[in-house]
Amino acid sequence: MITINCFLILSALMLFIGVYGFLTRRNTLAILISIELMLNAADLNFAAFNRMLFPEGQEGYFFTLFSVAISAAETAIAIAVMINVYRNLKNNFVENLDKLKW
Amino acid sequence: MNFTYTIFILLLPFFSFLILGLAGKWLSHRTAGIFGTLVLGVVTVLSYFTAFEYFTADRVDGVFQTLVPYNFVWLPFFDGGLHFDLGIMLDPITVMMLIVISTVSLMVHIYSFGYMHGERGFQRYYAYLSLFTMSMLGLVMATNIFQMYMFWELVGVCSYLLIGFYYTQAPAVAASKKAFIVTRFADLGFLIGILFYGYYTGSFSFDFTNTAVYLNGAMPGVGADFSKAIAGAGFILPTALFLMFVGGAGKSAMFPLHIWLPDAMEGPTPVSALIHAATMVVAGVFQVARMFPLWIQYAPETLHIVAWIGAFTAFYAAAVACAQSDIKRVLAFSTISQIAFMMVALGVCLPEGGYTDNHASLGYMASMYHLFTHAMFKATLFLCAGCIIHAVHSNEMEFMGGMRKYMPITHITFLIACLAISGIPPFSGFFSKDEILVAAFHYSSAMGWIMTGIAAMTAFYMFRLYYGIFWGTENVEYHEHHTPHESPAVMTIPLILLTVITVTVGWILPGSFGSFVSATGEAYHIHLDWSVAGTSIVIAVIAIALATYIYSGVRQPIAEKMKATFPALHKWAYHRFYLDEVYQFVTHRIVFGIFSRSFAWFDRHVVDGFFNFLAWGTNAASYSIRTLQSGRVQQYAFVFLLGVLVLILMLII
């Protein structure tokens with residue numbers, strides 16, 4: 001029997017994998033992938049709540065769709081930024097990107 | 001009878017000022033001078049016409065009506081309460097002042113055409129003259145004390161501009177600043193007096209009959225509390241009036257605020273004539289005369305203080321005038337002395353019978369009469385001095401002497417004016433000075449004798465001046481390589497006109513000045529008191545004879561000997577009893593040196609220090625925490641995560 005708890009455990013796992021990846025990866029691309037993981041964990045929650053708790057409504061699905069579209073746009077910009085970073089620094093390690101301080 | 005055209009007496013000189021001031025650059029000297037003079041001529045004609053209409057109109061109950069052709073509320077305060085008005089008021093002293101101001105100003109305009117010929121800034125000069133005349137006319141036509149104050153300050157500004165006319169020369173700049181600062185300082189008293197007065201009486205108007213204080217002594221400012229009202233009437237009004245008098249003392253150069261006036265000689269000589277005769281220094285006398293009904297009714301004791309201040313000033317100025325060598329300075333001190341005579345005349349009025357007794361308030365009429373005659377002969381004296389300075393290019397008496405040969409017209413007019421100021425009949429000064437002496441004797445015989453003595457000193461120093469310029473030791477060497485010459489007609493004609501007035505005004509209007517201007521407004525017939533008049537004539541003649549004996553010869557052994565016998569006295573009088581030095585000491589050493597310096601220290605170290613400390617503290621705190629911002633994204637995210645976890649924990653627990 002698949003209950004809502006299964007979805008919640010899965011999404012919690014995805015979120016914390018994402019958090020862990022965000023904090024520990026050096027490569028900005030890997031960090032981006034971690035962010036996507038966290039976003040998708042949230043999307044999964046939306047869809048699961050809609051399906052399990054309010055099956056007559058549609059809002060959760062629509063919100064998930066919005067979120068997917070926005071994360072696609074954000075990824076496009078992030079990758080563009082990374083390409084430029086790579087062209088300037090010849091690598092894309094996050095510890096080199098600390099000029100924006102003080 | 002409506003006097004609505006009197007507004008043009010104010011507007012015309014103002015427009016003349018605007019046109020000459022703004023467009024003067026594109027006008028030739030000739031056009032600018034003629035334009036200014038013509039406008040002033042029209043103003044003079046209007047003033048004379050106003051006087052004619054006013055004094056030929058019917059009296060009501062034997063009194064000339066006070067007319068208010070214009071009056072509108074300019075700035076209202078508290079609904080229905082205090083308000084500033086602007087308007088025009090005509091009463092006998094206003095109309096008399098219109099004649100004095102416009103006549104002297106017109107003469108100065110004509111005269112300046114010759115005197116200022118070819119000067120740089122000729123158009124500017126005429127623009128300022130117009131503004132000066134306008135301000136003084138506005139001052140005398142004001143309907144309320146605040147409007148008077150406004151024009152009063154305008155007069156101060158104009159005197160500043162004109163005294164500093166030669167602004168490239170350091171002494172002129174210093175003198176103009178001195179005049180402005182001293183009179184401004186005194187005007188502070190005037191302003192405080194006005195505010196006192198307005199607060200307690202609920203009105204600024206000169207129409208005293210409508211103020212509550214005049215009707216029954218009740219003062220709206222202190223409400224219905226009877227005891228307070230009594231205290232107010234006994235203390236507030238005299239204080240307010242005295243504070244106003246402080247302002248008047250500044251403008252009228254009463255001791256110890258007279259120090260600006262001798263320095264004001266740095267301006268062009270016709271301006272000195274204007275300042276001394278008509279437009280500036282008489283403002284203080286006029287102000288006291290304007291507030292006279294209140295003075296005499298509520299503050300007669302304070303009024304007598306004014307009289308004693310005046311008497312001391314008259315004596316001091318006469319003593320200093322005896323020792324000066326700069327001819328304009330002698331005239332300046334003689335002005336101070338004569339203005340003080342007018343103040344004395346106002347001050348010796350007695351409150352017997354209140355405001356209704358013309359005889360007890362004789363001094364009021366005498367003061368106004370002397371103002372009128374003094375304006376004419378002092379203008380003559382100054383314009384003559386201008387001619388002389390024009391001829392020898394110096395103010396110092398040592399370059400003069402024997403000038404009678406070169407300048408006959410100036411000589412005769414100067415002599416007549418000297419006789420007038422000395423109080424010799426039938427010249428105008430005799431009649432007015434005699435009235436002042438009668439009033440002084442009426443107050444107390446001590447005051448009478450003091451003023452008679454000062455009148456004798458006046459005769460002495462004026463004839464010392466006269467002989468020093470026109471007789472005495474001629475500076476032959478200087479005159480040979482630079483022969484003095486009589487001034488052109490444009491300068492001598494004003495002299496002659498003013499002299500004609502000086503000669504005739506005393507007996508052409510026998511006793512009738514009093515029928516135009518008097519304390520109550522009812523006709524007062526001047527009749528000479530021969531015991532007083534005779535004494536003053538005899539003393540004046542003795543003083544003149546003494547001056548003749550000492551100063552008329554080519555050699556002056558007595559003058560030399562006097563100087564040698566009392567070197568200290570001469571030196572003190574020559575240096576004006578070191579009053580300027582006292583002021584210098586007080587302002588620089590005490591005010592600047594002690595007070596200003598300690599205030600500056602407090603400001604720099606305590607006030608500034610506090611704010612500098614705040615700025616420094618913010619800066620130091622920021623420096624110490626700035627390393628928190630490392631630029632490492634993952635570190636930020638970690639801190640953020642920790643924060644979220646802490647929040648969640650707090651929510652759960």
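In what follows, chains carry the letters A, B, and so on, assigned in the order in which the sequence lines appear, proteins first and then strands, with residues in each chain numbered from 1.
Each of B:Y125, B:Y160, B:F132 was compared with B:F165 under the ring-ring contact (aromatic ring centres under 6.0 Å, His included) criterion, and only B:Y125 meets it. With B:I648 as reference, B:V644 is the one residue of B:V646, B:L651, B:V644 to meet the side chain to side chain contact (heavy atoms under 4.5 Å, CB included) rule.
Using non-hydrogen atoms only and a strict 4.5 Å limit, the part of residues 6-25 of chain A facing chain B consists of A:V19, A:F22, A:L23, A:T24, A:R25.
You'll find the side chain of B:M150 reaches within 4.5 Å of the side chain of B:L86, heavy atoms only. Contact check for A:E74 versus A:I77: no side-chain heavy atoms found under the 4.5 Å cut-off.
Between A:R26 and A:E95 there is a salt bridge, with a side-chain nitrogen of the basic residue lying less than 4.0 Å from a carboxylate oxygen of the acidic one.
Residues forming a ring-ring contact (aromatic ring centres under 6.0 Å, His included) with B:F17 (at least two apart in sequence, or on another chain): none.
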